[in-house]
**Q** 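Sharing a structure, written as structure tokens. Questions coming.
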Amino acid sequence: MAVLLAVVLLLSGSAGSSGGSPGPLYRVEGVRDGGAYRRPVTPVIVLGEGTKLKTLTPGGEPFPSGTAITASGEYTLEVAAEKGGEIAAGTIKFSLDIWYYPRLGRVCDVLGRGAELQL
């Protein structure tokens with residue numbers, strides 16, 4: 001499930017980039033701002049041409065793009081991308097509310113209805 005966020009940030013050529021080329025571009029897939037999830041999520045940062053990922057942190061700790069987040073809690077994903085000395089940054093807040101039953105080997109929602117249970 002890849003959800004394209006509206007948090008794609010663009011610093012235009014008017015911000016000082018040469019030749020009118022766009023500044024750093026990125027998009028976040030796998031989570032959306034304000035999202036509430038009942039199963040693990042895997043945020044992935046997709047970078048535009050020539051853009052480098054400067055930082056990606058959920059809650060202040062370094063975090064590799066494409067790593068699953070499996071623990072319940074409130075998360076703030078901070079992203080910064082760089083291109084030609086310009087930086088684009090954004091914040092995405094989301095929550096996970098997961099119950100895991102090791103004996104059953106499955107992920108359930110809090111009410112135990114199990115609409116998406118798989119063994």
Side-chain angles (χ1 to χ4, degrees):
M1 172 180 116
V3 177
L4 182 62
L5 287 178
V7 178
V8 176
L9 300 177
L10 166 66
L11 296 177
S12 68
S14 63
S17 61
S18 62
S21 65
L25 294 173
Y26 71 87
R27 73 176 182 266
V28 179
E29 297 179 347
V31 294
R32 63 179 170 76
D33 193 36
Y37 304 94
R38 297 210 184 266
R39 58 180 156 185
V41 296
T42 305
V44 175
I45 309 306
V46 179
L47 300 170
E49 186 176 333
T51 301
K52 296 183 294 185
L53 185 61
K54 188 169 176 64
T55 59
L56 174 62
T57 59
E61 296 296 320
F63 181 78
S65 177
T67 301
I69 298 175
T70 59
S72 292
E74 300 286 324
Y75 291 89
T76 300
L77 191 65
E78 298 170 349
V79 182
E82 178 180 22
K83 179 180 179 184
E86 293 183 58
I87 296 175
T91 301
I92 300 158
K93 295 183 179 190
F94 62 95
S95 64
L96 295 180
D97 194 3
I98 300 171
W99 282 21
Y100 179 70
Y101 297 94
R103 298 181 95 195
L104 301 175
R106 58 188 176 187
V107 177
C108 300
D109 69 17
V110 173
L111 299 177
R113 290 186 300 244
E116 300 193 27
L117 296 180
Q118 295 181 9
L119 292 176

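Given the structure is predicted, the values throughout are model-derived calculations rather than measurements. Heavy atoms only: backbone and side chains are in, while hydrogens, waters and symmetry mates are out. All residue numbers in this chain count up from 1 along the given sequence.
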**Q** Using only atom types and a distance under 3.5 Å, with no angle test, would you say the side chain of S72 pairs donor to acceptor with the backbone of I98?
**A** yes
**Q** Quick check on side-chain contact (heavy atoms from CB on, under 4.5 Å): which of T42, V79, V44 does S65 satisfy it with?
**A** V44
**Q** Could you check F63 against T57 for side chain to side chain contact (heavy atoms under 4.5 Å, CB included), going step by step and ending with a plain yes or no?
**A** CA-CA 5 Å; F63 181 78; T57 59; 5.6 Å; no
**Q** If I compare all heavy atoms of T67 with all of P64, which pair ends up nearest, and what's the gap?
**A** OG1-O, 2.9 Å
**Q** Out of curiosity, K93 NZ to E78 CD, how far, rounded to the nearest 0.5 Å?
**A** 9.0 Å
**Q** For residues P24 and A88, report the shortest heavy-atom separation together with the two atoms involved.
**A** CG-N, 3.6 Å
**Q** If I compare all heavy atoms of K83 with all of G50, which pair ends up nearest, and what's the gap?
**A** CG-O, 3.5 Å
**Q** Nearest 0.5 Å please: distance from the CG atom of L77 over to the CD1 atom of I45.
**A** 5.5 Å
**Q** What is the distance from atom CD of E74 to atom CG of D97, rounded to the nearest 0.5 Å?
**A** 9.0 Å
**Q** Students often mix this up, so state it plainly: with edges at 30° and 60°, are the rings of F94 and Y75 parallel, tilted or perpendicular?
**A** parallel
**Q** Same cluster or not: are V46 and Y26 linked, directly or through other Ile, Leu, Val, Met, Phe, Trp or Tyr residues, by side-chain heavy atoms under 4.5 angstrom apart?
**A** no
**Q** Distance from T51 atom OG1 to I87 atom CD1, nearest 0.5 Å?
**A** 12.0 Å
**Q** Of all heavy-atom pairs between Y37 and V31, which one has the smallest distance, and what is that distance?
**A** OH-CA, 3.3 Å
**Q** Mind checking the CG-CG spacing from L47 to L25? Nearest 0.5 Å is all I need.
**A** 9.5 Å
